[in-house]
Every structure is written in structure tokens, then in C-alpha cells.
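Data block below; observations after.
Order of the sequence lines fixes the chain letters, A, B, ..., with proteins taken first and strands second; residue numbering starts at 1 for each chain. We use all heavy atoms of the structure for the numbers below, so side chains are in, but hydrogens, waters and symmetry mates are not.
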There are 2 protein chains.
Amino acid sequence: MVRHIVVTSVVDAITEDLREQVVNGELPPGSPLTELEISTRYEVARSSARAAIERLTSEKVLVRRNHKTARVVELGPDDVRDIYNTRIYLESEVLRRLAGLRRVPVSSRTANSEIAELWRGGSYQIVDPDMRFHTGLIDSVDSARTSAAYHSLAFEVKLCMAQLQGRQALSPQIIVAEHARILELIELGDADGAAAMLDEHLSRARELLVGSLGGTPGPEAEWPSSAAPGAPIREDAATALR
Amino acid sequence: MVRHIVVTSVVDAITEDLREQVVNGELPPGSPLTELEISTRYEVARSSARAAIERLTSEKVLVRRNHKTARVVELGPDDVRDIYNTRIYLESEVLRRLAGLRRVPVSSRTANSEIAELWRGGSYQIVDPDMRFHTGLIDSVDSARTSAAYHSLAFEVKLCMAQLQGRQALSPQIIVAEHARILELIELGDADGAAAMLDEHLSRARELLVGSLGGTPGPEAEWPSSAAPGAPIREDAATALR
DNA sequence: AGTTGTCTACTTGTCCGACAATATTGCCAC
DNA sequence: GTGGCAATATTGTCGGACAAGTAGACAACT
């Protein structure tokens, strides 16, 4: 039995830390990251800082063009649509296969219970278990590349959430019900039904997110509490066309 | 009308050149690439060579572990299965959508004609137009991320082909017929039929490839020329769990 | 024999300092 | 203000340096 240990290099550590800072909002979308700044912040050589930036750029956590300083990626309405559509494409067919086998992954079932429990507890921090519901479905077909692709999309969803700073109106009640219905349809072997339900489920989430980001579909997007304090909301639209 | 120009950096150029060498077989799977060697070959600083290697590693063209020299990736039977299954997952749902719209992308139709023509001309170099048939379908749904995911898979298929050095028994005749049938089913709006046809089509290709690589289905794997010299074939499975 | 220790050669990981090319900014003249 | 220019900031690349890790060979030990 082979056992694995991890030995993290300097670049690894910086990369992880920066990625973490991006997803939890400490580094808001659009913030610039210069090589010098990072190298001094972490007390490492500029080359190491540079390597970390390049990695995050290849992961699309940061964006950079020639001779310009890297910035935290900003995801607009078009990106959200694209992300969710790709999720739908990937997950639909996986669902059909699972329905064909009438196989319901336990991890998805437990994840959905978790959401229900959080909701009963009054919490709305359901992004994580919600994602686990979906990745549970995907991972159950046991394809490393399929999982990798989906997890990459899931990560981008997380970035969107970080961009929204918590405000987000997905009702846990509806989510739990739809998840449960999907699992039920899988158990019944109803591939078309499961796929249709998923489409509806993710499409709704997509439109909600697009709306929150100020997308076109619902032209009067309501800004519930406060326009993000200190965050230039609109300027990122320009970056959409690079 | 915006026009784009590309200004390639040293690292860009090296990365591209190396990637090209890998796909056309000049750098066979498993060959080691040390930073020093590359830096002297291209007459650049080691840091630049290193950056190129890191990029290709993140693209999975090369593989590397801590303190060990990078090698050209070797794709085994398990990888091929995984690649093709992921292709099937992605492409099936796209096909269903196209069937729903009864929309047949022209690029796919012309690509299939190209294969037919090459075949009539006695050529068996059909990998490229074959891929264009499929990417034509994918790209027509106009999702950048879906396309990116599929193109990444297509690239891995190319790597497999490079590994096989040309020998490959896919009959163009059957391919053309199946492609045509798929387009026909899309036109008829038969989503299930199109998806099923695609599954059959890609599954056959998958098994053929797996067989050529010495997969388990035909347990007696023949290593025509030489067994991969000094290359532990299985070890990459470990990297799945990082 | 088989295990363990040591040596050497090679390679990677990280640092430093340097400089040209390019981008950004601020200022000045108009 | 607007255009243009100079000063500044930042990236892209270089070369050299050294510690740390890997691999193979060979000797020593049990």
C-alpha cells in the first residue's frame, strides 16, 4: 500500500494562500497583484511570486496580459451564463447515466440533508453542501477528467459567490425539494425527467445569479441591501471585451 | 472591427514549440526534459525554460513531481477510456440540444465531406477533419467553457495518436457513415437517437484505441517495438489524488 | 545475500541583482 | 481640458549562486 505525503514548496504555499484569499473575498475582483508586492508580502524572491501569479493565471483565478499587472478575475453575467450552461451540459448526461443504473450516490443524499438541516437551523450558508450535492453526482461516474472539469466550474461558481459578498436569494427550501426530486427520478430510472429537472434547477440558479450581477434579462435588477460598499460595481463591464 | 495582433514572449515561443514537438511525435511519451537542456537548446535563461516547462505541466502535456525532471505525458488505456467517456458525456447533451433545435452546423457537415474525400483519395490521415466534425458540433452551442473543455480532450486524443505513430485501424468508411447518420438524426429532431449513435460511435473508437494501447479487453498486450523504456506505466494513476 | 551507509553527479527550488522594454502616471504647455 | 513628454512603476529576461533532493554506484556491515 502506497502512502502519500505532501511537501509543499514556497510557490505552492503562496499559490494556495492567494487562491484562498480570492475565494473568501479578501482580494476582491479586479484588485491588482504586482510581483513586487507579493514578493515583499510573503518575503520571497520575485521569481517565486511571479511563478505563483503565473499558476493562478493559468487557473483563471487571475487574468493578465502582456506587460500588465495581474488582477483578480471578474466574472460578468455572460460568464455566469456560460458557467451554468456548461454545468448543465455535463451534469445532464451524467444524470441520465445514473438514472439508467438507478444509482443514487449517498454523498449527494447526505449533502441534501445537510442543506435541509442548515435551513431548519436558520442558516443560509448552503453553498458548500449544495455544491457537494452536485459534485457527488458527477464524481460517482468515476471519471477523473469529468470530475476535474466540473470542479473547475464549481470553483468559478464560488468566485461568483465571493463577488456577491453573501447576499444571494436562493431559497434553501426550493433547492432541497428540487434536489430530492432529482434523486427520486434517478431512482425511478427516469433519465429524461431527471435531466429536465436539473435543467430547470440550474437554469433558475443561473438567472438569479445573472440578475444579481446586473445582467440584462431582468432589466430592473434589485439591489436589496446596499450597493457593494467601496466596490466599483459597473466598471468591470468594460473588461468583458478585454 | 477590432484586429488582434500577437506578440509572443520567449516563454510563449518555447512553450508552443515544445507542445508542437510533443504532438507530432518528435518528443516521444516519457522523454525527459531537463531545464538545463531546454535552456541550452533554445539559448535562453534557465528561468525561461523552467517557465515553459511549468506551463506545459499545467496543461498536462508534461508531468513532473517534486524535484524530479519533467517528462512527456504517457497516456495509458485508463486515460483513453476516461478521455472518451468525458467526450461522450459532454457531446451527448450538446447533441440533444442541437436536435431540439434541428440545427446542423455547417462546419461539421463540410468536415465529414472532407473525410469522405480523403478516403476516396486513398488517404487515411483523417484525424484532423474527424476532430473538426466533433468540435464543430460542440462549438455551435457557443459556450466558451464547453468548447475549452472539449478542445482540451481533443488535444489529449491527438497525444494518443502521436503515441500510436500513425498505425490506427479506424475505417474512414464507417466513420463517415456514422457521422452522416448523426447529422441526419439531428435534423430529424431525434435527440435520443443522436445521443445513442454518438455513444456507439465514440465507444467503438475508444475500444479500438484502448486495444492499440494494450488495454485489458485484449489482455495480451503486444508491445510491438519496445516496452516503454524505464517508464513505470501505472504511476500516473497516483497523481489522481494529488 | 541482503541491507545499510556513503559518495558523487545531476537536477530542481529558491534566491539575488541587473537591465531593457513596456505601461502608467503626473506634469507642463497650449 | 487635451496632447504630448518626462518620470516612475512594472514586467520580461538574463546570469549566477547555493541549498536541497534524487539516483546510481560502491563499499561496509550483519
Side-chain angles (χ1 to χ4, degrees), chain A residues 2-18 27 30-59 61-73 232 235-236 238-239 241-242, chain B residues 2 4-18 27 30-73 228-233 235-236 238-239 242:
Chain A
V2 181
R3 295 204 52 88
H4 287 263
I5 58 173
V6 276
V7 37
T8 74
S9 69
V10 171
V11 179
D12 282 336
I14 297 177
T15 305
E16 272 184 51
D17 196 55
L18 285 178
L27 286 172
S31 8
L33 289 177
T34 72
E35 300 176 355
L36 190 63
E37 184 196 332
I38 293 181
S39 70
T40 55
R41 269 229 307 262
Y42 291 97
E43 292 184 296
V44 297
R46 181 161 77 99
S47 48
S48 303
R50 181 184 177 78
I53 290 178
E54 271 181 8
R55 272 200 218 174
L56 292 173
T57 301
S58 83
E59 286 178 30
V61 177
L62 307 180
V63 290
R64 169 157 69 165
R65 294 200 323 280
N66 264 4
H67 277 281
K68 307 195 62 164
T69 111
R71 293 176 172 279
V72 177
V73 67
E235 101 181 38
D236 45 40
T239 67
L241 52 113
R242 317 219 117 173
Chain B
V2 180
H4 289 262
I5 59 170
V6 274
V7 38
T8 72
S9 69
V10 172
V11 179
D12 283 336
I14 296 177
T15 305
E16 270 185 52
D17 196 55
L18 285 178
L27 285 172
S31 11
L33 290 176
T34 72
E35 300 176 355
L36 190 62
E37 184 197 331
I38 293 180
S39 70
T40 55
R41 268 229 307 262
Y42 291 97
E43 292 184 299
V44 296
R46 181 160 79 97
S47 47
S48 302
R50 181 184 177 78
I53 290 177
E54 271 181 7
R55 271 200 218 175
L56 292 172
T57 301
S58 84
E59 286 179 29
K60 312 234 192 145
V61 177
L62 307 181
V63 291
R64 169 155 71 165
R65 298 209 309 288
N66 265 2
H67 276 282
K68 306 196 60 168
T69 111
R71 295 174 173 280
V72 176
V73 67
I233 302 180
E235 99 180 42
D236 44 38
T239 66
R242 311 223 120 172

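Side-chain N/O atoms of A:Ser9 include one lying less than 4.0 angstrom from OP1 or OP2 on C:dT14. Between A:Ser48 and the phosphate of C:dC15, there is a side-chain N or O to OP1/OP2 separation shorter than 4.0 Å.
Atom-to-atom, CZ of B:Arg64 to C1' of C:dG13 comes out at 9 Å; the value is rounded to the nearest Å. Between the C1' atom of C:dT14 and the CD atom of B:Glu35 lies a distance of 11 Å, rounded to the nearest Å. Taking atom CD of B:Glu37 as the reference point, atom P of C:dT11 lies 9 Å away to the nearest angstrom. In this entry the distance linking CZ of B:Arg50 with P of D:dC14 reads 15 Å, nearest Å. What separates CG of B:Asp12 from P of D:dT13 is a distance of 8 Å, to the nearest Å. Here D:dG12 presents its P atom at 12 Å from CZ of A:Arg65, a figure rounded to the nearest Å. Computed from coordinates, the B:Leu36 CG to C:dT12 P distance equals 8 Å when rounded to whole Å. We find that CZ of A:Arg71 is positioned 11 Å from P of D:dT11, with the value rounded to whole Å.
Closest to the A:Val44 side chain, of the nucleotides C:dT12, C:dC15, D:dT13, is C:dC15.
A:Asp17 is linked by a salt bridge (charged side-chain N to carboxylate O under 4.0 Å, His left out) to nothing, counting only residues two or more places apart in sequence or in another chain.
Taken over five-pair windows at either terminus, the axes of the helix from C:dA1-D:dT30 to C:dC30-D:dG1 are inclined to one another by 30° (rounded to 10 degrees).
In this structure, the separation between CZ on B:Arg65 and OG1 on B:Thr57 is 12.5 Å, given to the nearest 0.5 Å. How far CG of A:Leu27 is from CG of A:Leu56: 10.0 Å, rounded to the nearest 0.5 Å.
Between B:Arg71 and B:Gly30, the closest heavy-atom pair is NH1-O, 2.7 Å.
Put simply, the side chain of A:Val72 reaches to within 4.5 Å of the side chain of A:Leu62, judged on heavy atoms. Taking 4.5 Å as the limit, every side-chain heavy atom of B:Arg55 sits out of range of all side-chain heavy atoms of B:Val61.
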Evaluate the side-chain contact (heavy atoms from CB on, under 4.5 Å) criterion for residues A:Glu35 and A:Ile53: first the C-alpha distance (whole Å), next the side-chain angles of each, then the deciding distance (0.1 Å), finally the verdict. CA-CA 8 Å; A:Glu35 300 176 355; A:Ile53 290 178; 3.9 Å; yes

Could you walk me through whether B:Arg41 and B:Leu18 pass the side-chain contact (heavy atoms from CB on, under 4.5 Å) test, one step at a time? CA-CA 11 Å; B:Arg41 268 229 307 262; B:Leu18 285 178; 3.7 Å; yes

Should A:Thr69 and A:Leu33 be marked as a side-chain contact (heavy atoms from CB on, under 4.5 Å) after you check the CA-CA gap, both sets of side-chain angles, and the distance that decides it? CA-CA 6 Å; A:Thr69 111; A:Leu33 289 177; over 6 Å; no

Contact pattern, 5' to 3', of nucleotides 18-23 of chain D - B, S or - by protein heavy atom under 4.0 Å: --BSSS

